[in-house]
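Values reported hereafter were calculated over all heavy atoms of this structure, with side chains retained and with hydrogens, waters and symmetry mates removed.
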Amino acid sequence: MTDAFRKAWEEQHPEGTVIYHDLTANPVPHISAAAHTAGFADPATHTPEQATAFAERVKLIEELEQADAVLIGAPMYNYSIPSTLKAWLDNVILMGRTIGVDAPSAKGTPATVVASRGGSYAPGTPREGYEYVQNYLQAVLGDAAGLELEFIVPELTMAPHNPAMSDLVPLYEASRDKAHADATVKAKELAERLASNAA
Ligand SMILES: Cc1cc2nc3c(=O)[nH]c(=O)nc-3n(C[C@H](O)[C@H](O)[C@H](O)COP(=O)(O)O)c2cc1C
């Protein structure tokens with residue numbers, strides 16, 4: 001789904017820059033005490049360890065701040081986001097800059113989240129209350145950091161693999177096809193909206 005989005009986006013922006021992080025192949029370091037406390041201290045007082053750790057955070061933060069649009073793949077792992085994505089968030093969420101101020105630094109940036117999951121947590125399903133991907137990302141990236149979040153939710157992706165879910169394969173296929181179509185349409189719409197804003 002993220003590939004479909006990227007392809008559609010690049011067709012509109014052949015000259016544009018895409019910064020791609022494969023957080024599984026190249027994980028962002030988990031936040032350290034030095035990286036955390038550096039965010040609350042005057043940079044002039046940083047220890048060498050704080051300065052190095054903080055510089056890594058600032059690089060990721062600047063990428064986010066400079067992005068015209070953000071695309072995040074957020075598969076559900078045990079009801080929540082993968083730890084690799086959480087590590088990225090812990091780096092870029094910085095009190096007084098990306099959150100906790102009247103105008104957070106990436107406020108208003110459109111962010112599309114592909115939130116795939118093996119089951120379904122849609123309203124009215126038995127596991128509705130266990131959905132901690134959309135709810136969590138909305139809280140931290142949407143409400144706290146001010147990004148304009150939109151979700152694409154391919155669900156029941158385990159249906160073709162889990163015999164106990166075989167009845168759900170048609171629903172999985174419908175969800176997959178809709179998510180693919182949504183990814184392409186949303187990327188094009190977003191590219192057009194940003195182009196007309198810039199004009
Ligand atoms: C460690 C792990 C935990 C998972 N936990 C859940 C879960 O709690 N609920 C769920 O619906 N699917 C769960 N899944 C299934 C994935 O969400 C599903 O396979 C999803 O489609 C993976 O994303 P992708 O298709 O974008 O790679 C889990 C998968 C893994 C690897």
Next on the checklist: Are L149 and Y132 linked, directly or through intermediate hydrophobic residues, by side-chain heavy-atom contacts shorter than 4.5 Å (ILVMFWY only)?
Outcome noted: yes

Checklist outcome for this item: All heavy atoms of P82 vs all of P75, minimum pair found to be CD-O, 3.2 Å

Checklist entry - Got T109 and D68 here, is their nearest side-chain heavy-atom distance under 4.5 Å? => result no

Checklist entry - L190 and A69: which non-hydrogen atoms are nearest, and at how many Å? => result CD2-CB, 3.8 Å

Checklist entry - Given T112 and E150, is the side chain to side chain donor-acceptor pair (under 3.5 Å) satisfied, shown in steps? => result CA-CA 5 Å; T112 309; E150 278 209 63; 5.7 Å; no

Item to check | Audit row: R117, E131, salt bridge (Lys or Arg N to Asp or Glu O under 4.0 Å) steps and yes/no | outcome: CA-CA 10 Å; R117 65 270 318 267; E131 208 295 319; 2.7 Å; yes

Next on the checklist: Any non-hydrogen side-chain atom of F5 less than 4.5 Å from a side-chain atom of H180?
Outcome noted: no

Checklist entry - Hey, does R6 have a side-chain heavy atom less than 4.5 Å from the side chain of V18? => result yes

Item to check | N/O donor-acceptor pair under 3.5 Å between H30 side chain and A87 backbone | outcome: no

Item to check | Closest non-hydrogen atom pair, A25 against D22 | outcome: N-OD1, 3.0 Å

Checklist entry - About how many Å separate OG of S32 and CG of D90, when rounded to the nearest 0.5 Å? => result 11.0 Å

Checklist entry - Quick one: are L71 and V114 in side-chain contact, heavy atoms under 4.5 Å? => result yes

Item to check | Residues, nucleotides or ligands: over 12 heavy atoms within 6.0 Å of H36 NE2 | outcome: no

Checklist outcome for this item: Closest heavy-atom pair, T84 versus L23, reported as atoms and distance to 0.1 Å, is CG2-O, 3.3 Å

Item to check | Same cluster (ILVMFWY, side-chain, under 4.5 Å), I31 and L85 | outcome: no

Item to check | NZ-OG distance between K86 and S80, expressed to the nearest 0.5 angstrom | outcome: 8.5 Å

Item to check | Heavy-atom donor-acceptor pair, R176 side chain to P154 backbone, under 3.5 Å | outcome: no

Checklist entry - What distance separates I72 CD1 from L147 CG, expressed to the nearest 0.5 Å? => result 7.5 Å

Checklist entry - Are L194 and V113 co-members of a hydrophobic cluster defined by side-chain heavy atoms under 4.5 Å apart? => result no

Checklist entry - So, are K59 and E56 salt-bridged, with charged N and O less than 4.0 Å apart? => result yes

Checklist entry - Stepwise, does the side chain to side chain contact (heavy atoms under 4.5 Å, CB included) test hold for Y77 with I81? => result CA-CA 6 Å; Y77 284 4; I81 61 170; over 6 Å; no

Item to check | Polar contact flag, side-chain donor to acceptor under 3.5 angstrom, T37-Q50 | outcome: yes

Next on the checklist: Please determine whether salt bridge (Lys or Arg N to Asp or Glu O under 4.0 Å) holds for the pair E10 and K7, giving the CA-CA distance in whole Å, both sets of side-chain angles, and the decisive distance to 0.1 Å.
Outcome noted: CA-CA 5 Å; E10 285 181 324; K7 251 185 223 139; over 6 Å; no

Next on the checklist: One thing to verify: whether E148 and R193 come together as a salt bridge, which I'm taking to mean a side-chain N less than 4.0 angstrom from a carboxylate O.
Outcome noted: yes

Next on the checklist: Side-chain heavy atoms nearer than 4.5 Å, only ILVMFWY residues, links allowed to pass through others: does that put F151 and L156 together?
Outcome noted: no

Checklist entry - Side chains of T98 and S105: does their closest heavy-atom pair fall under 4.5 Å? => result yes

Item to check | Within 6.0 angstrom of Y130 OH, more than 12 heavy atoms from elsewhere | outcome: no

Next on the checklist: Just so I know, are the side chains of L94 and F54 near enough to count as touching, which here means a heavy-atom distance under 4.5 Å?
Outcome noted: yes

Next on the checklist: Please find the pair of heavy atoms, one from P163 and one from H161, that lie closest to each other, and give the distance.
Outcome noted: CD-O, 3.5 Å

Checklist entry - Do S120 and T125 have side-chain heavy atoms sitting under 4.5 Å apart? => result yes

Checklist outcome for this item: Note: I152 and A183 closest approach over all heavy atoms is CD1-CA, 3.6 Å

Next on the checklist: Check whether T184 reaches the backbone of A8 with its side chain - one donor and one acceptor, N or O, closer than 3.5 Å.
Outcome noted: no

Item to check | salt_bridge(E11, K188) N-O dist < 4.0 Å | outcome: no

Item to check | From CG (D102) to NZ (K107), nearest 0.5 Å | outcome: 8.0 Å

Next on the checklist: Is there a side-chain contact between E155 and Y121 in this structure, where contact means two heavy atoms from C-beta onward sitting under 4.5 Å apart?
Outcome noted: no

Checklist entry - Are L89 and V101 grouped together when hydrophobic residues (ILVMFWY) are joined by side-chain heavy atoms under 4.5 angstrom apart? => result no

Checklist entry - Taking the side chain from Q138 and the backbone from Q134, do they hold a donor-acceptor pair closer than 3.5 Å? => result no

Checklist entry - How long is the span from the CG atom in L64 to the CG atom in N91, to the nearest 0.5 Å? => result 11.5 Å

Checklist outcome for this item: Separation between CE (M1) and OG (S116), nearest 0.5 Å, reads 8.0 Å

